[in-house]
Trainee: 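Quick one: this structure, given as structure tokens, is what I'll be asking you about.
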Amino acid sequence: MGDGSPEELMDFYSILLINYGHQNWWPAETPFETIIGAILAQNVSWTGASKAISNLINAGLLEPVKLAQENTDNIAGLIRSSRYYNQKAQKIKVFMDWFLQRFDAELMLMEKEPTNSLREELINLKGFGPETVDSILLYGLNKPIFVVDAYTRRIGKRQGWFDGNLSYNDIQDFFMKRIFKNVPLYNDFHAQIVRLGNKICKPKPNCNICPVKKEGKHILCVYGCNQIIE
DNA sequence: GACCAGGCACATC
DNA sequence: GATGTGCATGGT
């Protein structure tokens, strides 16, 4: 169990990188696709979100002006696989209204906005919490901001880095104070955490399939089986 | 059939 | 501020 030093965090990342390879996030063709994808990916498996995005693309709607003009019910019908489809259709509408009014559908203008003020504006949109906003900033707009999710919290607690009931912002600060602010690093660090947590180690009492090894020994498990900690 | 996946808003105490 | 609930599909 570690002290959460910068060196330990980078060691942790290196082990994941060696075991899993670079994750190549975000799997999207355009920044706009990433932004809509961040909404659709809320609390759902990536396969579900991905199908919803494909449906929008096939309907010719993954383009700002067209998506803004489409009615909410039609969008909801296309994104059923992403779960909470009525709420998410509404969130897309909220975003499009703000985006068109604020930036005249020009993504370039949005990208030039200072990170902090942009984060504030986005987080004030209904349906946009810190994780969704930070995903948009990092993966859509290439801003150096660390994304925190449930896995990040669980793993950090398990590793002894911080208390599990810290706030989102406190956990984000923890990482950003210790990891060099580098967009590709923040990108893949979060992706590796998700890769680690995403259905690889099942929450079984006697789990022995935890995937990450160092010198032949399992070293971590996001679900807390007690037999593999170094 | 149970469980959970790349959250968030809102009500209530 | 902590805790509980609605949202409501699809893969394992």
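In the text below, chain A, chain B and the rest are named by the order of the sequence lines, each starting its count at 1.
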Trainee: Would a 4.5 Å heavy-atom cut-off, applied to side chains only, mark Phe175(A) and Thr152(A) as touching?
Mentor: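 They are in side-chain contact.
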Trainee: If I take atom CZ in residue Arg153(A) and atom C1' in nucleotide dG7(B), what distance separates them, rounded to the nearest angstrom?
Mentor: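 Distance check: Arg153(A) CZ to dG7(B) C1' gives 12 Å.
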Trainee: Does Thr47(A) or Gln87(A) map to a spot on DNA chain C nearer the 5' end, using the closest nucleotide for each?
Mentor: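 On the 5' side of the pair lies Gln87(A).
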Trainee: Are any of Thr132(A)'s side-chain N or O atoms less than 4.0 Å away from OP1 or OP2 of dC8(B)?
Mentor: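 Answer is yes, contact under 4.0 Å.
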Trainee: Atom CD of Glu131(A) and atom P of dA5(B): how far apart are they, to the nearest Å?
Mentor: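 Spelled out: CD on Glu131(A) to P on dA5(B) is 12 Å.
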Trainee: Can you find a side chain N or O atom of Tyr84(A) that sits less than 4.0 Å from OP1 or OP2 on dG6(C)?
Mentor: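 No.
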Trainee: Assess the pair Phe12(A) and Trp161(A): is the distance between their ring centroids shorter than 6.0 Å?
Mentor: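 Between Phe12(A) and Trp161(A), the centre distance is under 6.0 Å.
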Trainee: Name the residue closer to the 5' end of DNA chain C, choosing between Asn165(A) and Arg80(A) according to the nucleotide with the nearest heavy atom.
Mentor: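 Whichever sits nearer the 5' end wins; that is Asn165(A).
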Trainee: Say whether Arg195(A) and Tyr20(A), considering side chains only, have a donor N or O and an acceptor N or O under 3.5 Å apart.
Mentor: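 The answer is no; no qualifying pair exists.
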Trainee: Could you tell me how far apart Leu122(A) (CG) and dC8(B) (P) are, to the nearest whole angstrom?
Mentor: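 Whole-Å distance recorded here is 12 Å.
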Trainee: What is the distance, to the nearest angstrom, from the CZ atom on Arg83(A) to the C1' atom on dC4(B)?
Mentor: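 Roughly 8 Å, once rounded to whole Å.
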Trainee: Determine, stepwise, if the pair Tyr139(A) / Asp134(A) fulfils side chain to side chain donor-acceptor pair (under 3.5 Å).
Mentor: CA-CA 8 Å; Tyr139(A) 294 106; Asp134(A) 289 338; over 6 Å; no
Trainee: When the P atoms of dC8(B) and dG10(C) are considered, how many whole Å apart are they?
Mentor: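 The answer is 22 Å between these two P atoms.
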Trainee: Within the sub-3.5 Å range, which N or O atoms of nucleotides 9-13 of chain B have a protein N or O partner, and how far apart are they?
Mentor:
| from | atom 1 | to | atom 2 | distance (Å) |
| --- | --- | --- | --- | --- |
| dA9(B) | OP1 | Gly127(A) | N | 2.9 |
| dA9(B) | OP1 | Phe128(A) | N | 3.4 |

Trainee: Is Asp163(A) paired with Lys157(A) through a side-chain N to carboxylate O contact shorter than 4.0 Å?
Mentor: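 No.
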Trainee: Taking only the side-chain heavy atoms of Tyr151(A) (C-beta and beyond), determine which of dG11(C), dA5(B), dA8(C) contains the nearest atom.
Mentor: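 Of the candidates, dA5(B) comes closest.
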Trainee: If you look at every heavy atom in Glu113(A) and Lys143(A), which pair is closest and at what distance?
Mentor: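 Heavy atoms of Glu113(A) and Lys143(A) come nearest at O-NZ, 2.7 Å.
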Trainee: For Asn86(A) and dA8(C), is the shortest distance between a side-chain N/O and OP1 or OP2 below 4.0 Å?
Mentor: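 Affirmative; the distance criterion is met.
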Trainee: Quick one: Gln90(A) CD to dC8(B) C1', roughly how many Å, whole number?
Mentor: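 It works out to 14 Å between those atoms.
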Trainee: Starting at atom CD of Gln42(A), determine the distance to atom C1' of dG10(C), rounded to an integer number of angstrom.
Mentor: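 Spelled out: CD on Gln42(A) to C1' on dG10(C) is 18 Å.
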Trainee: Measure the distance from CG on Asn43(A) to C1' on dG11(C) and round it to the nearest whole Å.
Mentor: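 One finds 15 Å between C1' of dG11(C) and CG of Asn43(A), rounded.
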Trainee: Roughly how many Å apart are dA5(B) and dT3(C), using the C1' atom of each and rounding to a whole number?
Mentor: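 One C1' to the other, the span is 22 Å.
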Trainee: Would Val148(A) and Leu138(A) show up in the same hydrophobic cluster when neighbours are defined by side-chain heavy atoms closer than 4.5 Å?
Mentor: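 Yes, Val148(A) connects to Leu138(A) through the hydrophobic network.
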Trainee: Roughly, in whole Å, what's the span from NZ in Lys88(A) to P in dG6(C)?
Mentor: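 So the two atoms are 18 Å apart, to the nearest Å.
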